[in-house]
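Values in this document were obtained by computation on a predicted structure and should not be read as measured data.
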Amino acid sequence: MSFGKMNTFIDIVESVTIKDPEGFKTEVDNIVASVRAYREGRHGNEKWANRASFSEATDLFRFRHIPELTVTTSMVLIHSDKRFEITSVEDVKGRGMYLEVLAKEVVPSG
């Protein structure tokens, strides 16, 4: 993956529950990392056709592995004020250099 293709900026976010002095719990977004990534939307090529059988993902994000950070499916990606729930995380070719994340865009109802 060339650096020129990673032209999208994303935030990796995890939800944290905070208790205020009155004892009420609120959930807040904690930005864990901000990175450059390659984003590929879902379309009708052969790769997406193979993924479609088991995945509800709408987007694929590929970015460099971040040392001492484990990206999990409980985290969320934010790109251009859009939220994406992570459905799967995979180490590209098992080398520990890049992560490939399949994510589903969260569309607010209303």
Quick one, Val101 and Phe63 - any side-chain contact, counting heavy atoms below 4.5 Å? yes

Heavy-atom nearest pair, Asp11 first then Ser34, reads OD1-OG, 2.6 Å

Checking Ile31 against Ile12 for the side-chain contact (heavy atoms from CB on, under 4.5 Å) test, could you report, in this order, the C-alpha distance in whole Å, the side-chain angles of both residues, the deciding distance, and whether it holds? CA-CA 6 Å; Ile31 297 176; Ile12 303 171; over 6 Å; no

Using 0.5 Å steps for rounding, measure from the NZ atom of Lys104 to the OG1 atom of Thr87. 8.5 Å

For a 4.5 angstrom cut-off between non-hydrogen side-chain atoms, does Val13 reach Leu77? no

Do Leu99 and Val92 touch side chain to side chain, with heavy atoms closer than 4.5 Å? no

Quick one: do Leu69 and Phe61 end up in the same hydrophobic cluster if we chain Ile, Leu, Val, Met, Phe, Trp and Tyr together by side-chain heavy atoms under 4.5 Å apart? yes

Under 3.5 Å, side chain of Arg36 to main-chain N/O of Phe9, donor-acceptor pair present? no

Pairwise distance CD(Glu85) to CE(Met75) - rounded to 0.5 angstrom: 14.5 Å

Hydrophobic clustering (ILVMFWY, side-chain heavy atoms < 4.5 Å, transitive) - are Val35 and Ile78 grouped together? no

Using salt bridge (charged side-chain N to carboxylate O under 4.0 Å, His left out) as the criterion, list what pairs up with Asp29, not counting sequence neighbours. Arg83

Any side-chain to backbone donor/acceptor pair from Ser15 onto Val28? Under 3.5 Å, distance only. no

Before you tell me yes or no, could you show the steps for Leu60 and Glu100 under side-chain contact (heavy atoms from CB on, under 4.5 Å), namely the whole-Å CA-CA distance, both residues' side-chain angles and the distance that decides it to 0.1 Å? CA-CA 7 Å; Leu60 174 138; Glu100 186 174 87; 3.6 Å; yes

Distance-minimising heavy-atom pair for Ile66 and Ala33: CD1-CB, 3.8 Å

Taking the side chain as C-beta and beyond, is there a heavy-atom pair between Asn7 and Tyr38 under 4.5 Å? no

State yes or no: do Val89 and Phe84 share one hydrophobic cluster built from I, L, V, M, F, W and Y residues joined by side-chain heavy-atom distances below 4.5 Å, directly or via other members? yes

Scanning both residues in full, the closest heavy-atom pair of Thr58 with Glu105 reads OG1-N, 3.0 Å

For residues 65-79, pull every pair meeting side-chain hydrogen bond (donor to acceptor under 3.5 Å, both in side chains), keeping only residues two or more places apart or in separate chains. Arg39-His79, Thr72-Ser74

To the nearest 0.5 Å, atom CG of Asp59 lies from atom CD1 of Ile10 at 11.0 Å

Could you tell me which non-hydrogen atom of Tyr98 sits nearest to which non-hydrogen atom of Asp91, and how far apart they are? O-OD1, 3.1 Å

